[in-house]
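Report on the following structure.
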There are 2 protein chains.
Amino acid sequence: MKLIHQLSKETGIPIPTLRFYEKSGLISGRRKTDVNTNNYQFYDQEAIDKLNFIQMAKAVGFTLNEIKEVVDLWYKKEITQKAQFEVLDKRLLQIDEKIAELNAMKKQIMLCKENIKNRNL
Amino acid sequence: MKLIHQLSKETGIPIPTLRFYEKSGLISGRRKTDVNTNNYQFYDQEAIDKLNFIQMAKAVGFTLNEIKEVVDLWYKKEITQKAQFEVLDKRLLQIDEKIAELNAMKKQIMLCKENIKNRNL
DNA sequence: TTGAACTATGAAGTATACTGTATACTTGTG
DNA sequence: CACAAGTATACAGTATACTTCATAGTTCAA
C-alpha cells in the first residue's frame, strides 16, 4: 500500500501525471477506511502493473483510450467473456500490425544506411 | 509528378494534413519552372516514400520531430556520414525497444486471456 | 509545536498534431 | 465563358496528453 509519492518513485511517472491518469480512470487508489482525518489515496500492486502496461503501450503509440479499454477489464468480471476477448484480440492484432510496421521501418532504415555507405565510397 | 489532390488519394492522407506536413518540413513539392501563372506544387515518388514512412512511424509512436530527423537525411548529402549513422542507429535501437515492448504487451494480454478463461470455468 | 514535506482539488496553460474556416486565385469542361 | 473543382495561404479551433499554478489541508520529525 503506497502513497502517490512512492508510486511516482517506483514507476518514474510524475505525480501530476498519476493524478491525471487517476482522473482519467486508468488507475485508482483507495482510502484507508479506518482513517477519516484525510483523503489520502493508497495504491497497490494492481496500480503498478497497470502503470507499467500504460508506459509500454504509450511508447508504441496506443492512445490512453485504447489502453483504458484493456486495463479496465483486467480486474473486472461484469463484462461477458466474449466482450473481454473482443477487446484483447483487437489489441493483439494491433500489436502484430505494429511489429510488422517496425520491421518494415527497420528494413528501410538499413537500406538507407547501405545507400549512404555506397554513395560515400 | 502529382498535384496535392492526387497525393492525398494515393496515400490516404487528407490534404490539410499534407499541407501541415509540408509546412513542418517533412515533405516538399516543387513548382513547374515553365509555368508562372500559379504556385501549384507537384510531388514525386520521394514524397510518397516519405509519407509511407511517416504513416508507419506515427503508428508506432514516433513523433513528427523524430520522423523528420530520419526523412531529412534520406536525400541529403550535406551531413557527415557519421552524423547520418548516429540518427539512423538511434532509431534502429528505438525500434528494437518498441518491438520488445510490444512482445511484452502481447505476453501480458495473452496471460490476461488465460486468467479470464480459467476464472469462467 | 512549528515547519518542511506530503496530499488533494480545481483551473489554467502548454505541446503536439492535426482540422476547419475564410479568402482568393487558377484551371479545365460543357 | 461561366462555373465547378482544384490550389494556396493564413489563421482560428480542436483533441490528446500532459504540466503548472494556486490554494488549502495533513503528517511527521526535530
Side-chain angles (χ1 to χ4, degrees), chain A residues 1-44 47 50-72 94 101, chain B residues 1-44 47 50-72 94 101:
Chain A
M1 284 308 201
K2 308 151 207 297
L3 282 166
I4 198 155
H5 188 76
Q6 182 67 12
L7 190 65
S8 169
K9 259 209 278 194
E10 285 183 31
T11 58
I13 300 171
I15 293 175
T17 306
L18 292 174
R19 295 204 195 283
F20 170 72
Y21 287 164
E22 175 139 29
K23 223 177 65 185
S24 310
L26 282 159
I27 58 166
S28 57
R30 47 179 178 288
R31 300 184 47 216
K32 289 210 165 147
T33 41
D34 52 332
V35 180
N36 51 7
T37 50
N38 65 32
N39 195 28
Y40 290 11
Q41 300 291 316
F42 287 84
Y43 303 89
D44 55 11
K50 284 183 178 179
L51 289 169
N52 287 336
F53 186 82
I54 291 168
Q55 283 179 304
M56 286 192 294
K58 265 180 39 63
V60 294
F62 284 101
T63 67
L64 291 185
N65 274 342
E66 288 171 326
I67 296 167
K68 185 166 152 45
E69 282 192 354
V70 174
V71 302
D72 265 1
Q94 286 179 303
E101 277 165 331
Chain B
M1 286 306 200
K2 306 151 209 298
L3 282 167
I4 199 155
H5 188 76
Q6 182 67 15
L7 190 63
S8 169
K9 259 209 279 194
E10 285 183 30
T11 59
I13 300 172
I15 292 175
T17 305
L18 292 174
R19 294 202 195 284
F20 169 72
Y21 286 164
E22 176 139 30
K23 223 177 66 184
S24 310
L26 283 159
I27 58 165
S28 57
R30 48 179 177 288
R31 300 184 47 216
K32 289 210 165 147
T33 42
D34 52 332
V35 179
N36 51 7
T37 49
N38 64 34
N39 196 26
Y40 290 12
Q41 300 292 316
F42 287 84
Y43 304 89
D44 55 12
K50 284 182 178 179
L51 289 169
N52 287 335
F53 186 82
I54 291 168
Q55 283 179 304
M56 286 191 295
K58 266 180 40 62
V60 294
F62 284 100
T63 66
L64 291 186
N65 274 342
E66 288 171 326
I67 296 167
K68 185 166 152 46
E69 284 192 353
V70 174
V71 302
D72 265 1
Q94 286 178 303
E101 278 165 331

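In this text, all values refer to a predicted model and were calculated from it rather than measured experimentally. These values consider heavy atoms only, across backbone and side chains, with no hydrogens, waters or symmetry-generated copies. Residue numbers start from 1 in every chain, and the chains themselves are labelled A, B, ... in the order their sequence lines are given, proteins ahead of strands.
- At D/dA10, none of the side-chain N or O atoms of B/K23 fall inside 4.0 Å of OP1 or OP2 (strictly under the cut-off).
- Checked against D/dT27, C/dT7, D/dT19, the side chain of A/T37 finds its nearest nucleotide in D/dT27.
- B/Q41 has its CD atom 15 Å from the P atom of C/dT26, to the nearest Å.
- As rounded to whole Å, 15 Å separates atom C1' of D/dA10 from atom CD of B/E22.
- Map A/H5 and B/L64 each onto its nearest nucleotide of DNA chain C; the residue landing nearer the 5' end is A/H5.
- Computed from coordinates, the A/F20 CZ to C/dT9 P distance equals 16 Å when rounded to whole Å.
- The nearest whole Å value for the distance from the NZ atom in B/K68 to the P atom in C/dT16 is 14 Å.
- Residues B/A47 and B/I27 share a closest heavy-atom pair of O-CG2, 4.2 Å.
- A/Y21 has no side-chain polar atom (N or O) that falls below the 4.0 Å cut-off from OP1 or OP2 of D/dA17.
- The side chain of B/P16 sits closest to C/dG20 out of C/dG20, C/dT7, D/dA8.
- Sequence order on DNA chain D of the closest nucleotides to A/V35 and B/Y43 puts B/Y43 first from the 5' end.
- Using a 4.0 Å heavy-atom cutoff across all strands shown, B/S24 reaches no nucleic acid atom at all.
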>> Does A/Y43 form a side chain to side chain donor-acceptor pair (under 3.5 Å) with A/E10? I'd like the steps, not just the answer.
In response: CA-CA 11 Å; A/Y43 303 89; A/E10 285 183 31; over 6 Å; no
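- Here B/K58 reaches the OP1 or OP2 of C/dC18: one of its side-chain N or O atoms lies under 4.0 Å away.
- Residues B/F20 and B/S24 have side chains in contact (heavy-atom distance under 4.5 Å, counting atoms from C-beta outward).
- With A/D44 as the partner, the salt bridge (charged side-chain N to carboxylate O under 4.0 Å, His left out) test is satisfied by one option alone out of A/K50, A/R30, A/K2: A/R30.
- Rounding to whole angstrom units, CG of residue B/N65 and C1' of C/dT16 are separated by 9 Å.
- Comparing D/dC18, C/dT26, D/dT7 by their nearest atom to the side chain of B/I15 picks out D/dT7.
- Side-chain atoms of A/S8 do not come within 3.5 Å of backbone N or O of A/I4 as any donor-acceptor pair.
- Remark: the backbone N or O of A/T11 is paired with a side-chain donor or acceptor of A/Q55 at under 3.5 angstrom.
- Here the C1' atom of nucleotide D/dC18 and the CD1 atom of A/I54 are 13 Å apart, to the nearest Å.
- Phosphate contact (OP1/OP2 of D/dA8, side-chain N/O of B/R19, threshold under 4.0 Å): present.
- Rounded to whole angstrom, the span from the NZ atom of A/K2 across to the P atom of C/dC6 amounts to 17 Å.
- At the phosphate of D/dT26, neither OP1 nor OP2 sits under 4.0 Å from any side-chain N or O atom of A/N39.
- Rounded to an integer number of Å, the gap from NZ of B/K32 to C1' of C/dT27 is 13 Å.
- Along DNA chain D, the nucleotide nearest to A/T17 and the one nearest to A/Y40 differ in position, and the one closer to the 5' end is contacted by A/T17.
- Counting non-hydrogen atoms under 4.0 angstrom, A/F42 reaches nothing in the nucleic acid.
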